[in-house]
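Numbers restart at 1 for each chain; the letters A, B, ... are given by sequence-line order, proteins then strands.
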Protein chains: 2
Amino acid sequence: METDGRYDCLKLENQLCFPLYACAKEVVRRYRPLLDELGITYTQYITMMVLWEHRSMSVKDIGETVCLDSGTLTPLLKKLEEKGFVERGRSPDDERVLTVTVTEKGMELRDRALSVPGAIASCIPLSAEDAVTLARILRDLKSALNAQ
Amino acid sequence: METDGRYDCLKLENQLCFPLYACAKEVVRRYRPLLDELGITYTQYITMMVLWEHRSMSVKDIGETVCLDSGTLTPLLKKLEEKGFVERGRSPDDERVLTVTVTEKGMELRDRALSVPGAIASCIPLSAEDAVTLARILRDLKSALNAQ
DNA sequence: TACTATTTAATTGTGTACAATTGAATCGAG
DNA sequence: CTCGATTCAATTGTACACAATTAAATAGTA
């Protein structure tokens, strides 16, 4: 092993990005058992979240909101449609855009999902203070990354 | 749209986990052009990082270090072997364990990777202060999650 | 009006992720 | 010493994730 530290910057323990990547995966894993009961995945959950709020949206707008492209969203939305939570149809105004609309069953899912945020909060071991700080830093980081 | 806020906890903007998930993806994306020149992906990069440090490790130990299971690592290590960066072979002591060892070419890759951390640091828009705080919070979070 | 440029989803191809299962090797209690 | 339990890596199956390309529709311009 080296002692002079020429390669210290390539040690996993000195990386900032790795904890970010690892924590994100671990947190998503915590959602799994909760979302299994609703019959959806984490990615489907955040997609439903924006649809619960807006009722009806284009694939493009959904993608910009949840940071996913059509390569991920097209199959995901087809799955949500198969499960009966959304309907997909071309916009009459512009045949290029596909409008995704929440169904009645999709809105019922929202009520069943009400307990999820609380359950997650109670199993993510983060002090109230750190949670606020983390939220602030990540918000700033995301907008700075988008601005680049 | 609701005004009473019964569903506020299900709004994307009120989530802490989503920025974590989105920032992690965005940061990994920043690595892509840099790692493309080395011919590896981000996951392959963090795997090489632990191998550069330890030279030789079992799949299990690699997995615990980089938080990946054999389902992800087995195909990934085969790709690294095809590229000539590692060698895979069963341990003589215990035929169950597969020992992964960095090759000479793998060690040469390390020198070519030396510029990556600096390049990433300069394109991740985070103040020195926030970087330290973020690292601390994520480190605490990860160890608390592991302890559960 | 023609005709190019742009916008939009869908598709293709590669590479993670991970739960669950499998099968071989090893361990350990009786 | 033996046989059931455990430990490993590999495999199977499902679901992202995203760059690059495609194809259809629309917008913009000469």
OP1 or OP2 of D/dA17 under 4.0 Å from side-chain N/O of A/Thr43: yes
Are A/Thr41 and D/dT14 close enough that a side-chain N or O sits under 4.0 Å from OP1 or OP2? no
Need one value for A/Leu76: base, sugar-phosphate or nothing, where a base atom within 4.0 Å counts as base even if backbone is also close, heavy atoms only. sugar-phosphate
Whole angstrom is fine here: how far is it from CD in B/Glu82 over to C1' in C/dT14? 13 Å
Hey, is the main chain of B/Asp69 close enough, under 3.5 Å, to the side chain of B/Lys60 for a donor-acceptor pair? no
Please check the phosphate of C/dT16 (OP1 and OP2 only) for any side-chain N or O of A/Tyr21 closer than 4.0 Å. no
Measure from the side-chain heavy atoms of A/Val59 and tell me the nearest of D/dT11, C/dA9, D/dC18. C/dA9
Is B/Leu35 reachable from B/Leu114 through a run of I, L, V, M, F, W or Y residues, each pair having side-chain heavy atoms under 4.5 Å apart? yes
Hey, does the side chain of B/Lys25 come within less than 4.0 Å of D/dC16's phosphate (OP1/OP2), counting only N and O? no
note: A/Ile40, atom CD1; D/dC16, atom C1'; distance rounded to Å ~ 14 Å
Here the distance between atom C1' of D/dA20 and atom CG of B/Asp36, to the nearest Å, is 13 Å
May I ask you to establish whether B/Arg110 and A/Tyr7 are in a cation-pi arrangement, using a distance under 6.0 Å from NZ or CZ to the six-membered ring centre and at most 45° from the ring axis? yes
With a cut-off of less than 4.0 Å, is there a side-chain N or O of A/Lys83 near OP1 or OP2 of D/dA15? no
Sidechain N-carboxylate O distance under 4.0 Å for A/Asp36, A/Arg32: no
Both A/Thr99 and A/Glu26 contact DNA chain C. Taking the nearest nucleotide for each, which residue is further toward the 5' end? A/Thr99
Rounded to whole Å, the CZ-P distance (B/Arg30 to D/dC18) equals 12 Å
Between the opening five pairs and the closing five pairs of the helix from C/dT1-D/dA30 to C/dG30-D/dC1, how far apart are the helix axes, to 10°? 10°
Output the single nucleotide from C/dG15, C/dT8, C/dA10 whose closest atom is nearest the side chain of B/Gln44. C/dG15
Taking only the side-chain nitrogens and oxygens of B/Lys78, find out if one of them lies under 4.0 Å from OP1 or OP2 of D/dT11. yes
Does B/Leu20 belong to the same Ile/Leu/Val/Met/Phe/Trp/Tyr cluster as B/Val132, with side-chain heavy atoms less than 4.5 Å apart forming each link? no
C/dA9 phosphate, OP1 or OP2: any side-chain N/O from A/Ser58 under 4.0 angstrom? yes
Is it true that a side-chain atom of B/Thr41 and a backbone atom of B/Gln44 form a donor plus acceptor pair closer than 3.5 Å? yes
Protein proximity profile, nucleotides 19-29 of chain C - base contact B, sugar-phosphate-only contact S, no contact -, cut-off 4.0 Å on heavy atoms: B-----BS---
Can you spot which of A/Arg88, A/Glu87, A/Met48 makes a side-chain contact (heavy atoms from CB on, under 4.5 Å) with A/Leu80? A/Met48
Is there a side-chain polar atom (N or O) of A/Tyr42 under 4.0 Å from OP1 or OP2 of D/dA15? no
Can you check the B/Tyr31 OH to C/dG15 C1' distance for me, whole Å? 18 Å
Reckon A/Lys79 has a side-chain N or O less than 4.0 Å from the OP1 or OP2 of D/dT14? no
Separation of C/dA17 atom C1' from B/Leu73 atom CG, nearest Å, is 10 Å
Where does the angle between the aromatic ring planes of B/Tyr42 and B/Tyr31 fall among parallel (under 30°), tilted (30 to 60°) and perpendicular (over 60°)? tilted
Are A/Glu81 and A/Lys78 ion-paired here, with the side-chain N under 4.0 Å from a carboxylate O? no
Could you check whether A/Arg6 pairs with B/Asp111 (Lys NZ or Arg NE/NH1/NH2 to Asp/Glu carboxylate O, under 4.0 Å)? yes
Rounded off to whole Å, could you give me the CZ-to-P distance for the B/Arg88 and D/dA9 pair? 11 Å
Touch class at under 4.0 angstrom, heavy-atom based, for A/Leu68 against every strand present: sugar-phosphate
side-chain N/O A/Arg90 vs C/dA10 OP1/OP2, d < 4.0 Å: yes
A/Arg112/A/Glu108 ion pair, N-O < 4.0 Å: no
